[in-house]
K.L.:
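Below is the structure I would like to discuss, written out as structure tokens.
Just so you know, these numbers come straight off a predicted model, no measurement behind them.
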Amino acid sequence: MAVADGLERKLLLFAVLSRCVLIVLQIIFNNLIPDHDADVFNPPTKVDSSHPSGALDYVVETTLCGLNRWDAIYFIHIAEHGYIYQNSLAFFPLFPFLVKFIANTFCYILQFVLIYRNVILVSAVICNVTFFALSVILLFRLGRNVLDNCYTAYKACLLFCINPASIFMVASYSETLYFFCVVYGLYYLESSRKMLTVFMFALSSLARSNGLLNIGFIFYDSFTFLGMTLRSFFSGISITKMTAKMLAFRIFIFFNIVLAQLSYLFISVVLFLVPFILYQIYYVNEIFCKIDTRTFSAIPDYLVTYGLNRGYHIIGDSIPPWCNLTIPLSYSYIQSSHWGVGFMKYYELKQIPNFLLAVPVTVLSVGCVWCYFKWNRRTCLTLGMESDITAIKKNDGERRCLWNNPRLLPYVVHILMLTLFGWMFIHIQVLTRMLFSSSPILYWFAAYCTTDETKTQVTIRNEYDVIRPREDIYKVEKEENLQHSLKNILTDQIINFSTQSFVSKLILCYFLFYFTVGTFMFCNFLPWT
């Protein structure tokens, strides 16, 4: 049995089982406990008299209604009606448009037995479960590539299946699709397939606004290449005696390499930004920055009435203020005016419980950054130009710590920037799902912290090691677990909880507590957003 194939099958099964557990939990919690009256965006649904709701609609609403809460209502509404209200523009189009496509293609037959809104809801769940399963496999392959440690990569994927933001990855949110785009882009980047990297990162910017930060990986990749080229050029001149003709040729080659890399970087940035600009500048402005009585009159009366009663700006009614800005971006204006997002604006005494909810993920993130700096001071101080690992291994048995890895630097910087941005600008309760859906490094760090040190050691290799040693699947997963569909190294740790280290207990409690309590809170409209 190939190691990767056997472990990927285990991961797929565990991923699907974890989704099933979440859905069952939300069914129980949603039906046993009455919903809290949150007074949030929740437009009415008008049932077509020619297609009234039936028994199957009741089944769908009973089993999946708990997944349609908070921001999920926005995504379902956009998928069903498009962008009608100005405040819905804060939710990017990739996920709702993909859900609508699934509803009108793969799930089209359901429209004969369900009202359209419920078809959208079913499609959203199918979309998220599918992309979650695909994300698990991609995360495993990316982890094996970057970490060079199959055990840690495998365990990180198991932790991903019970992560603290799990409820948002099965509900009608864009987190799962966004994580898929990010991990796929990183996988292509680590495989040196640059244009596919740009494509996936561009898609991520259409799923969530923080997808724009992923361009940092492209910049880092280009500038490290240029830095290495520059250092190689000057070191070559200093250690070799060459004629003027040889020097001129070397300079010619050097500038051609630099020009080619800068051209690639420029093209990458343009291709990365094009989808975002088309959506924000062209599409949004085209439909909202004009008064159009035909568009306004085409909106169902019950949605117009609801929007006017809530004080929402409705498409085609009037021109919103952000249309007159020099750079007419709706997102920042809506976040500020509708949700009060801004620098330090969330620092109020009444928000202390929400700040406390964000403390565990912040500790995990900061711990990840500090641990990396401790093992890679030289790498951090030289921005990846020099490594703390000896270039040539001294002997075949020499090993290093998993975290002593220069390839992790951009991942660490990325998670640090997101954490700092979250504490300064956004609604702090969003930080947990934002970080766990934005980068694989938190899962790698959690796996590292909950694993015996001997299993996180990596054999030092250099550029001459073209043949990797064969991996043994039984060193990753126990033989008895491979024969059992419900058991794996993570469930073994949970079952033997009392024997775990203090740090392992903290991380496992954090993941399982948020997995369960987050589901309970979310599906009953309690403050868990």
K.L.:
For Y347 and F355, what are the C-alpha separation, side-chain angles and deciding distance, and is it a ring-ring contact (aromatic ring centres under 6.0 Å, His included)?
P.N.:
CA-CA 9 Å; Y347 281 75; F355 278 93; 4.8 Å; yes
K.L.:
Could you verify whether a donor N or O on one side chain and an acceptor N or O on the other, from Y154 and N488, lie under 3.5 Å apart?
P.N.:
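No donor-acceptor contact under 3.5 Å links the two side chains.
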K.L.:
I'd like to check R433 versus P164 (side-chain heavy atoms, cut-off strictly below 4.5 Å). Are they in contact?
P.N.:
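A side-chain contact under 4.5 Å is absent here.
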K.L.:
When rounded to the nearest 0.5 angstrom, what distance separates CG in L7 from CZ in R144?
P.N.:
7.5 Å
K.L.:
Is S205 reaching over with its side chain to a backbone N or O of A202, donor-acceptor style, under 3.5 angstrom?
P.N.:
yes
K.L.:
Flag the pair V183 / S135 as yes when at least one side-chain heavy-atom distance between them is below 4.5 Å, and no otherwise.
P.N.:
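No - every pair of side-chain heavy atoms lies 4.5 Å or more apart.
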K.L.:
Is the positively charged end of R19 above the ring of F132, judged by distance under 6.0 angstrom from the centroid and angle within 45° of the axis?
P.N.:
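Ring-cation test returns yes.
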K.L.:
Any donor-acceptor pair under 3.5 Å linking the side chain of T224 with the backbone of Y220?
P.N.:
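Side chain of T224 to backbone of Y220, a donor-acceptor pair under 3.5 Å: yes, one is there.
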K.L.:
With distance as the sole test, does H427 use its side chain to make a donor-acceptor pair with the main-chain N or O of W339 at under 3.5 Å?
P.N.:
yes
K.L.:
Let me see the working for I489 and Q493 under side-chain contact (heavy atoms from CB on, under 4.5 Å), right down to the final yes or no.
P.N.:
CA-CA 6 Å; I489 55 175; Q493 275 194 283; over 6 Å; no
K.L.:
Within the 4.5 Å heavy-atom criterion, are V136 and F140 side-chain neighbours or not?
P.N.:
no
K.L.:
Go through it in stages, so that I can follow the logic: the residues are H313 and F288, the test is side-chain contact (heavy atoms from CB on, under 4.5 Å), and I'd like the CA-CA distance, side-chain angles, deciding distance and then a yes or no.
P.N.:
CA-CA 9 Å; H313 175 87; F288 269 90; 3.8 Å; yes
K.L.:
So Y83 and Y283, would you call those rings parallel, tilted or perpendicular, with 30° and 60° as cut-offs?
P.N.:
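Perpendicular: the ring planes of Y83 and Y283 meet at over 60°.
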K.L.:
Determine whether L418 and N210 satisfy the following criterion, side-chain contact (heavy atoms from CB on, under 4.5 Å), listing intermediate values before the conclusion.
P.N.:
CA-CA 8 Å; L418 284 175; N210 52 296; 4.3 Å; yes
K.L.:
Judged by atom type as modelled, is there a donor-acceptor pair below 3.5 Å linking the side chain of S172 to the main-chain atoms of A72?
P.N.:
no
K.L.:
Does S336 use its side chain to pair, donor to acceptor, with the backbone of Y333 at less than 3.5 Å?
P.N.:
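The answer is no, because no donor-acceptor pair under 3.5 Å joins these two groups.
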K.L.:
Taking the side chain as C-beta and beyond, is there a heavy-atom pair between I218 and V269 under 4.5 Å?
P.N.:
no
K.L.:
Is there a donor-acceptor contact under 3.5 Å from the side chain of Q500 to the main chain of L508?
P.N.:
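Between the backbone of L508 and the side chain of Q500 there is no qualifying donor-acceptor contact (under 3.5 Å).
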K.L.:
When rounded to the nearest 0.5 angstrom, what distance separates CD1 in I78 from CG in L89?
P.N.:
7.5 Å
K.L.:
Got a second to check how far S330's OG is from Q335's CD, nearest 0.5 Å?
P.N.:
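Here the interatomic distance stands at 10.0 Å.
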K.L.:
What heavy-atom pair brings S438 and H414 nearest, and what distance separates the two atoms?
P.N.:
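That closest heavy-atom pairing would be O-CE1, 3.4 Å.
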K.L.:
Begin with the C-alpha distance, continue with both residues' side-chain angles, and end with the deciding distance and a verdict on side-chain contact (heavy atoms from CB on, under 4.5 Å) for S166 and Y514.
P.N.:
CA-CA 8 Å; S166 286; Y514 273 55; over 6 Å; no
K.L.:
Would you say the side chain of F75 lies within less than 4.5 Å of the side chain of S174, judging by non-hydrogen atoms?
P.N.:
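When only atoms from C-beta onward are counted, F75 and S174 do touch, with a gap below 4.5 Å.
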K.L.:
Heavy-atom distance under 4.5 Å between the side chains of Q280 and F92, does that happen here?
P.N.:
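Yes, at least one pair of side-chain atoms sits under 4.5 Å.
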K.L.:
Would you find a donor on one side and an acceptor on the other, under 3.5 Å apart, between the side chain of N285 and the backbone of I281?
P.N.:
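Yes.
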K.L.:
ring-ring contact (aromatic ring centres under 6.0 Å, His included) for F436 and F511? Distances and angles first, verdict last.
P.N.:
CA-CA 11 Å; F436 277 106; F511 275 59; 5.8 Å; yes
K.L.:
Would you compute the distance between atom OG1 of T432 and atom CH2 of W528 and round it to the nearest 0.5 angstrom?
P.N.:
7.0 Å
K.L.:
Donor-acceptor pair, distance only, cut-off 3.5 Å: does the side chain of Y411 make one with the backbone of P440?
P.N.:
no
K.L.:
Write down the atom of C127, the atom of F95, and the distance for their closest heavy-atom approach.
P.N.:
SG-CE1, 4.0 Å
K.L.:
Can the ring centres of F445 and Y372 be said to be less than 6.0 Å apart?
P.N.:
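For F445 and Y372, the ring centres are not under 6.0 Å apart.
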K.L.:
Look at atom OH of Y331 and say whether more than 12 heavy atoms of other residues, nucleotides or ligands are closer to it than 6.0 Å.
P.N.:
yes
K.L.:
Are F97 and Y279 close enough that their ring centres sit under 6.0 Å apart?
P.N.:
no
K.L.:
For the CZ atom on F101, are there more than 12 heavy atoms of other groups (residues, nucleotides or ligands in this structure) within a distance under 6.0 Å?
P.N.:
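Incorrect, the count does not exceed 12.
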K.L.:
Go through the side-chain N and O atoms of N405 and R407 and say whether any donor and acceptor fall under 3.5 Å apart.
P.N.:
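No donor-acceptor contact under 3.5 Å links the two side chains.
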K.L.:
Where does the angle between the aromatic ring planes of Y184 and Y187 fall among parallel (under 30°), tilted (30 to 60°) and perpendicular (over 60°)?
P.N.:
tilted
K.L.:
May I ask you to check whether F179 and F160 place their ring centres under 6.0 Å from each other?
P.N.:
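Yes: the rings meet the under 6.0 Å criterion.
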K.L.:
What closest approach, in Å, do L177 and N128 show between heavy atoms, and which atom pair accounts for it?
P.N.:
N-OD1, 4.5 Å
K.L.:
Please check if the side chain of S191 supplies one atom and the backbone of R193 the other of a donor-acceptor pair under 3.5 Å.
P.N.:
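No: the side chain of S191 does not pair with the backbone of R193.
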K.L.:
Do the non-hydrogen side-chain atoms of M424 and F343 ever get within less than 4.5 Å of each other?
P.N.:
yes
K.L.:
On a heavy-atom basis, which atom in L147 and which in A153 lie closest, and how many Å separate them?
P.N.:
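In this case the closest contact between L147 and A153 is CD1-N, 4.3 Å.
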K.L.:
Tell me, with the steps shown, if Y85 and Y74 meet ring-ring contact (aromatic ring centres under 6.0 Å, His included).
P.N.:
CA-CA 10 Å; Y85 307 122; Y74 278 100; 8.7 Å; no
K.L.:
Considering only heavy atoms from C-beta outward, does the side chain of L490 approach that of I162 to under 4.5 Å?
P.N.:
yes
K.L.:
Where do L226 and V258 come nearest, in terms of heavy atoms and distance?
P.N.:
CD2-CA, 4.0 Å
K.L.:
Out of curiosity, Y151 OH to Y448 OH, how far, rounded to the nearest 0.5 Å?
P.N.:
14.5 Å
K.L.:
Rounded to the nearest 0.5 Å, what separation is found between the CD atom of E286 and the CG atom of L278?
P.N.:
12.5 Å
K.L.:
Keeping the roles fixed (side chain from K155, backbone from T450), state whether a donor-acceptor pair exists under 3.5 Å.
P.N.:
yes
K.L.:
Given F201 and F272, is the ring-ring contact (aromatic ring centres under 6.0 Å, His included) satisfied, shown in steps?
P.N.:
CA-CA 7 Å; F201 283 168; F272 175 85; 7.0 Å; no
K.L.:
Please name the pair of heavy atoms, one in C449 and one in S504, separated by the smallest distance, quoted to 0.1 Å.
P.N.:
O-OG, 3.7 Å
